[in-house]
Participant: 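Attaching a single structure in structure tokens format; questions to follow.
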There are 2 protein chains.
Amino acid sequence: MRIAEPTVERLVQYHRLLEQLSSEGRKVVSSQEIGQMLSLKASQVRKDLSYFGEIGKRGVGYHVDRLFEHISGILASPKKWPIALVGVGRLGEALLGHRAFRSEKFDIQALFDVDPEKVGTNVMGIPCFHMDTAAEEIRRLGIQVIILTAPSSVAQLCVDTLTAAGGIRGILNFSPVSIVTPPDVLVYSVDISVELEKLLFYLKGREE
Amino acid sequence: MRIAEPTVERLVQYHRLLEQLSSEGRKVVSSQEIGQMLSLKASQVRKDLSYFGEIGKRGVGYHVDRLFEHISGILASPKKWPIALVGVGRLGEALLGHRAFRSEKFDIQALFDVDPEKVGTNVMGIPCFHMDTAAEEIRRLGIQVIILTAPSSVAQLCVDTLTAAGGIRGILNFSPVSIVTPPDVLVYSVDISVELEKLLFYLKGREE
DNA sequence: TTATGTGAACCATTTCACAGCC
DNA sequence: GGCTGTGAAATGGTTCACATAA
């Protein structure tokens, strides 16, 4: 069964929350409590969790550690994905150092940039190569996923170069532009300023 | 009329695209072309744009500069929102330096952190204060919006302190945790790692 | 003839309401 | 009695299809 995107997103949230609850020694939690902590309806939580079999106990709730392991299994990766990050600017470096980007599911093996100050050095322990050599490095390392933090002006150019190398399966795009890829490349985007635009738009509406 | 969130998100995209098209000297564009460039259906583009009156010309398309100004008006802010950024780590600094965070719509007037290396200095020209003095600074400067880039572990604590100061209308949360606020505070979140999780989840599904 | 604007149909997601089990 | 699991209903958003205007 195809799992809807909003559901996957919430599964990640449940996973994080359960990790925290578990570390606090919590044993059991109800859909209502989860909902309160994540600002979701209890029925939403139950429906999400029910897609993967009956994991809760009626009249009791969900066993924290058991549910955590269960969701771990759903979100688990069959392998460690080989990733490259393209564009080692402030944002790229911030991501490299971010706790959320340390994971068992992937391994950032290469960085690409055009800045001579960075090419040839290691950043956070990862070697930085010149964009001109990206295609061969991608093939050599078997890179399958790209984190794109290059400036908007060159984002599409980078994507064209990288996908032409072959083997790229997915791109996580941080540039505030929409990029075009071959249909077999999955793209997800994080637009760091569009949420601020939305916030201000709806705040304006509240001011009257 | 209430405008749906996905529509506001796309309006921001149209706005960016039109700015670019205008700078390239483009005069007219059709819903079909806009759709192609942003990976949207033409009908979606037309519906979005029609919410705000008839702005296109039947048989012709949309006049680029006119549509750009039109959307500018829709997204316009009645004032420059006074903002503070909380948590001057790598991510916070990356945002401060990001082009997308320079805008007519707001003004980042204060930074808050607990690091003695940062408190009392200016970062990107903005003064950094200690979190302990946040409440008084927020009241003094009339801060209404918070960009939260503090570590997850203290995110909720920060939110409680900040909202208690009064006057806070909205929070843009970059911590990968869900935060709880009084109902009059609007919260939007940018989760920099959840999109990567989704990407890997669906890539796994494609591998078979 | 071409491309917009829009009601209606469609599809996806959320919420309800209650049966089922602990 | 309490809380999950789940069809059914409601809601929200997208796409279609065509009337309408340049």
Side-chain angles (χ1 to χ4, degrees), chain A residues 1-14 17-18 21 26-71 74 178 194 198 201-202 205, chain B residues 1-14 17-18 21 26-71 74 178 194 198 201-202 205:
Chain A
M1 193 217 325
R2 150 101 198 176
I3 305 301
E5 224 181 284
T7 300
V8 177
E9 205 160 313
R10 286 189 299 267
L11 283 173
V12 175
Q13 293 193 73
Y14 301 147
L17 177 66
L18 288 161
L21 291 177
R26 187 76 184 266
K27 292 295 174 226
V28 170
V29 68
S30 70
S31 58
Q32 182 147 155
E33 291 169 308
I34 294 176
Q36 241 146 30
M37 291 185 274
L38 299 177
S39 309
L40 300 169
K41 287 244 152 57
S43 57
Q44 176 77 82
V45 175
R46 292 202 302 279
K47 175 129 286 190
D48 286 338
L49 297 177
S50 74
Y51 290 134
F52 305 91
E54 304 202 4
I55 188 71
K57 281 204 177 25
R58 296 174 194 224
V60 180
Y62 299 91
H63 187 276
V64 172
D65 289 343
R66 187 160 132 67
L67 183 54
F68 176 77
E69 290 304 329
H70 187 72
I71 298 178
I74 296 162
S178 155
V194 77
K198 284 199 285 186
F201 180 82
Y202 287 112
Chain B
M1 194 214 328
R2 151 100 198 175
I3 304 300
E5 225 181 284
T7 299
V8 178
E9 208 160 311
R10 286 188 300 266
L11 284 174
V12 175
Q13 293 192 73
Y14 301 146
L17 178 65
L18 289 162
L21 291 178
R26 187 76 185 265
K27 292 295 174 224
V28 170
V29 68
S30 70
S31 59
Q32 182 147 156
E33 292 169 308
I34 294 175
Q36 241 147 29
M37 291 184 274
L38 299 177
S39 308
L40 300 169
K41 287 244 154 53
S43 56
Q44 177 77 84
V45 175
R46 291 201 302 278
K47 176 129 287 193
D48 286 339
L49 297 178
S50 74
Y51 289 135
F52 304 93
E54 303 203 5
I55 188 71
K57 282 207 179 17
R58 296 177 192 220
V60 180
Y62 299 91
H63 186 277
V64 172
D65 289 344
R66 186 159 132 69
L67 183 55
F68 177 76
E69 290 304 328
H70 187 73
I71 299 177
I74 297 162
S178 151
V194 78
K198 284 200 286 185
F201 180 83
Y202 287 112

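All heavy atoms count here, side chains included; hydrogens, waters and symmetry mates do not.
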Participant: If I take atom CE in residue B/Met1 and atom P in nucleotide D/dG13, what distance separates them, rounded to the nearest angstrom?
Facilitator: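 Result: 12 Å.
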
Participant: Does B/Tyr62 put a side-chain nitrogen or oxygen below 4.0 Å from OP1 or OP2 of C/dG5?
Facilitator: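 Checking C/dG5 against B/Tyr62, a side-chain N or O does come within under 4.0 Å of OP1 or OP2.
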
Participant: Between atom OH in B/Tyr51 and atom P in C/dG5, what is the gap in whole Å?
Facilitator: 13 Å

Participant: Can you tell me how far P of C/dC11 sits from CZ of A/Arg2, to the nearest Å?
Facilitator: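 Checked: the CZ to P distance equals 16 Å.
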
Participant: Rounded off to whole Å, could you give me the CG-to-C1' distance for the B/Asp48 and C/dG5 pair?
Facilitator: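 After rounding, the reported distance stands at 13 Å.
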
Participant: Establish whether the base of D/dT20 is bridged to the side chain of B/Arg58 by a donor-acceptor pair shorter than 3.5 Å.
Facilitator: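 Such a pair exists between side chain and base.
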
Participant: Using atom CZ of B/Arg66 as one end and atom C1' of C/dT4 as the other, report the distance to the nearest whole Å.
Facilitator: 13 Å

Participant: Taking the minimum atom-to-atom distance to the side chain of A/Arg46, which one of D/dT6, D/dT14, C/dT4 wins?
Facilitator: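 For the A/Arg46 side chain, the nearest candidate turns out to be D/dT6.
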
Participant: Once you apply a heavy-atom cut-off of 4.0 Å, does B/Ile55 come out as touching a base, just sugar-phosphate, or nothing?
Facilitator: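 Here B/Ile55 touches the backbone only, sparing every base.
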
Participant: Mapping B/Ser43 and A/Gln44 to their closest nucleotides on DNA chain C, which lands nearer the 5' end?
Facilitator: B/Ser43

Participant: Give one of base, sugar-phosphate or nothing for B/Ser31, where a contact means two heavy atoms less than 4.0 Å apart.
Facilitator: sugar-phosphate

Participant: What nucleic acid atoms does A/Arg10 come within less than 4.0 Å of, heavy atoms only: base, sugar-phosphate, or nothing?
Facilitator: sugar-phosphate

Participant: How far apart are the closest heavy atoms of B/Tyr51 and B/Met1, and which atoms are they?
Facilitator: O-CE, 3.8 Å

Participant: Specify the closest pair of heavy atoms between B/Ile71 and B/Leu49, including all atoms of both residues, with the distance to one decimal.
Facilitator: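 Minimum heavy-atom separation between B/Ile71 and B/Leu49: CD1-CD2, 4.1 Å.
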
Participant: When A/Tyr14 is tested against each of A/Leu38, A/Leu67, A/Ile74 for side-chain contact (heavy atoms from CB on, under 4.5 Å), which residue passes?
Facilitator: A/Leu38

Participant: Of the non-hydrogen atoms in B/Val29 and B/Leu18, which two are nearest, and what is the gap between them?
Facilitator: CG1-CD2, 4.3 Å

Participant: Can you check the A/Gln32 CD to C/dT15 C1' distance for me, whole Å?
Facilitator: 14 Å

Participant: Does the base of D/dG7 carry an N or O that pairs as donor and acceptor with the side chain of A/Lys47 under 3.5 Å?
Facilitator: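 Yes, the side chain and the base share a sub-3.5 Å donor-acceptor pair.
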
Participant: Measure CD/B/Glu9 against P/D/dG12 and give the value in whole Å, please.
Facilitator: 18 Å

Participant: Among the candidates D/dT6, C/dT14, D/dT15, find the nucleotide nearest to the side-chain atoms of B/Lys41.
Facilitator: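 The answer is D/dT15, which lies nearest to the side chain.
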
Participant: Separation of A/Ile3 atom CD1 from C/dT13 atom P, in whole Å?
Facilitator: 11 Å

Participant: If I compare all heavy atoms of A/Ser178 with all of B/Met37, which pair ends up nearest, and what's the gap?
Facilitator: OG-O, 3.3 Å

